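All of these numbers come straight from a predicted model, not from anything done at the bench.
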Amino acid sequence: MRVAVVGAGPIGLACAWRLAQRGHAVTVHSDGTLGAWHAAAGMLAPVAEAAFGEHRLTELLVASVRAWPAFAAELGDVGFARSGSLLVGVTPADQAEIARYRSYQDSLGLPVDALSAVEVRQREPALQPGVRAGAYTEIDAQVDPRRLVERLTSAVGAAGVATAGQVRDLSEVDADVTVVAAGCGTAALTGLPIHPVRGETLRLRGGPKLTHLIRGYVHGRHVYLVPRPDGELVVGATSTEDTDPRPSAGGVHELLSDAIALVPGVREAVFTEVTVGFRPATPDNLPIVDVVRPGLVVAAGHYRNGIALTPWTAERVVTLVEAAR
Ligand code: GLY
């Protein structure tokens with residue numbers, strides 16, 4: 001089949017790659033803008049990111065994260081690392097929040113262990129001494145979304161995928177099946193209810209050595225720290241409904257002060273970047289990966305989980321496209 005994929009973020013590229021591997025003639029349409037993936041930290045964290053009431057999403061995340069090692073191995077160096085997550089809190093209320101999450105995660109059958117203060121500090125000596133207890137899960141991992149896009153771009157090129165420019169209206173596309181994977185831009189193309197949720201992430205270098213993803217609760221706020229094996233540290237993320245593409249002083253302050261509250265040595269790190277991204281959110285936080293009408297498949301609305309759900313989405317889209325034959 002002739003398949004057009006609209007969108008060249010990880011989701012669009014992974015769909016194009018898998019479809020080309022199946023022998024379809026694929027063209028990727030892109031407007032060249034950087035999507036949410038450019039800000040994303042690349043947490044593959046179904047346990048640390050499990051949210052109350054989102055059982056279906058957690059199931060998808062667990063399935064996709066299990067597919068990640070083979071997916072990464074096929075692509076080459078995308079910064080995949082099985083870091084595991086530590087969930088830690090600063091105040092007694094933050095620690096109580098972790099205990100509440102842990103019982104929810106337990107109820108879903110997710111592997112998560114309570115850790116004593118000694119065990120937390122053995123795992124991450126750079127955490128501030130006031131972090132008295134927490135939890136650990138081994139299944140959470142990470143990739144570098146920017147390397148992922150680089151590797152996928154090479155992979156689609158090698159698989160013979162063609163490239164074309166921006167699509168403003170789907171009537172411009174000449175294909176047997178069109179896959180819209182345009183993140184927040186999917187709403188304007190399809191009318192589906194996908195709206196932007198703004199987030200800021202920070203990048204630092206030369207800070208304290210950390211080996212786990214750290215999911216922290218600091219005075220009721222959430223913060224995460226993703227230490228890359230190459231020494232970069234990504235700190236995220238704010239979450240607001242405004243649409244300003246410029247970073248805010250308040251967002252940077254909040255993320256830095258929460259990161260320093262958890263890991264005081266972050267003070268010594270070199271601040272290299274603040275990035276603003278727009279998560280493509282849906283009303284129920286589930287991605288929309290479905291046939292919308294004959295010849296039109298949508299793979300969008302991945303909200304906080306686009307990187308984690310990339311392998312699952314690409315497999316699902318192949319099935320949907322081929323069923324549209
Ligand atoms: N998945 C992390 C975030 O959206 O901030």
Side-chain angles (χ1 to χ4, degrees), residues 37-51 65 79-91 94-95 97-98 101 112 115 117 119-147 199-239 247 251-277 279 304-305 307-308:
W37 59 270
H38 189 68
M43 281 191 295
L44 312 178
V47 174
E49 291 279 88
V65 168
F80 177 80
R82 296 175 196 269
S83 314
S85 283
L86 279 188
L87 285 77
V88 293
V90 171
T91 65
D94 294 326
Q95 291 175 8
E97 184 66 2
I98 289 172
Y101 265 94
V112 53
L115 293 186
E119 289 165 330
V120 166
R121 293 193 58 74
Q122 276 170 345
R123 286 191 168 274
E124 287 295 4
L127 283 167
Q128 71 114 325
V131 174
R132 284 185 293 271
Y136 166 70
T137 178
E138 63 180 13
I139 71 170
D140 290 354
Q142 62 166 296
V143 295
D144 180 336
R146 297 178 183 181
R147 275 203 224 171
E200 290 150 311
T201 52
L202 311 180
R203 281 167 170 75
L204 303 100
R205 279 202 175 266
K209 182 163 168 43
L210 294 168
T211 51
H212 303 75
L213 310 181
I214 311 280
R215 188 82 161 87
Y217 298 85
V218 184
H219 302 288
R221 285 199 300 250
H222 295 193
V223 65
Y224 52 79
L225 282 71
V226 179
R228 303 253 187 257
D230 71 358
E232 184 174 67
L233 178 67
V234 186
V235 178
T238 57
S239 190
V252 174
H253 171 78
E254 182 181 303
L255 292 172
L256 278 181
S257 66
D258 290 350
I260 289 168
L262 287 177
V263 181
V266 166
R267 234 177 238 289
E268 320 307 328
V270 176
F271 184 90
T272 57
E273 186 180 318
V274 51
T275 315
V276 178
R279 305 173 182 90
R304 300 175 60 88
N305 301 298
I307 306 298

- Task: Can you spot which of V112, L87, L86 makes a side chain to side chain contact (heavy atoms under 4.5 Å, CB included) with I98?
- Result: L87
- Worked check of side-chain contact (heavy atoms from CB on, under 4.5 Å) between V263 and E124: CA-CA 9 Å; V263 181; E124 287 295 4; over 6 Å; no
- Message: For a 4.5 angstrom cut-off between non-hydrogen side-chain atoms, does P46 reach D140?
- Response: yes
- Taking side chain as C-beta onward, heavy atoms only, is L256 less than 4.5 Å from V235? no
- Message: With heavy-atom distances below 4.5 Å as the criterion, would you say the side chains of E200 and L202 are in contact?
- Response: no
- Message: Tell me the closest heavy-atom pair linking E119 and L115, and the distance in Å.
- Response: OE1-CA, 3.3 Å
- Counting only N and O atoms by type, is there a donor-acceptor contact under 3.5 Å from the side chain of Q128 to the main-chain atoms of P264? no
- Is the side chain of S83 donor-acceptor paired with the backbone N or O of L213 at a distance under 3.5 Å, no angle test? no
- Query: Quick one: does T201's side chain have a donor or acceptor within less than 3.5 Å of a partner on A39's backbone?
  - Reply: yes
- Message: Give me the atom names and distance for the closest heavy-atom approach of A141 to R82.
- Response: CB-CA, 3.9 Å
- Query: Short question: side chain of Q142, backbone of A81 - any donor-acceptor pair under 3.5 Å?
  - Reply: no
- Roughly how far, to the nearest 0.5 Å, is the CZ atom of R279 from the CG atom of N305? 10.0 Å
- Heavy-atom donor-acceptor pair, R215 side chain to H222 backbone, under 3.5 Å: no
- Query: Is the closest side-chain heavy-atom distance between L262 and L225 below 4.5 Å?
  - Reply: yes
- What are the two closest non-hydrogen atoms of A41 and V234, and how far apart are they? CB-CG1, 3.7 Å
- Item | Selection residues 253-277 - residue pairs positive for salt bridge (Lys or Arg N to Asp or Glu O under 4.0 Å), sequence neighbours left out | R146-E273, R221-D258
- Task: Just jot down the side-chain hydrogen bond (donor to acceptor under 3.5 Å, both in side chains) partners of R121, sequence neighbours excluded, or say none.
- Result: none
- Item | Shortest non-hydrogen separation from V223 to A259 and the atoms involved | CG2-N, 4.5 Å
- Heavy-atom pair with the smallest gap, counting every atom of G89 and D94: CA-CB, 3.8 Å
- Note on the structure: What one should report as the nearest heavy-atom pair of V120 and G134 is CG2-N, 3.7 Å
- Query: Under the 3.5 angstrom rule, does the side chain of T272 hit a backbone N or O of R203 as a donor-acceptor pair?
  - Reply: yes
- Do the side chains of R205 and E232 get nearer than 4.5 Å, heavy atoms only? yes
- Message: For H212 and Y136: C-alpha separation, side-chain torsions, deciding distance, then whether side-chain contact (heavy atoms from CB on, under 4.5 Å) applies.
- Response: CA-CA 9 Å; H212 303 75; Y136 166 70; 3.7 Å; yes
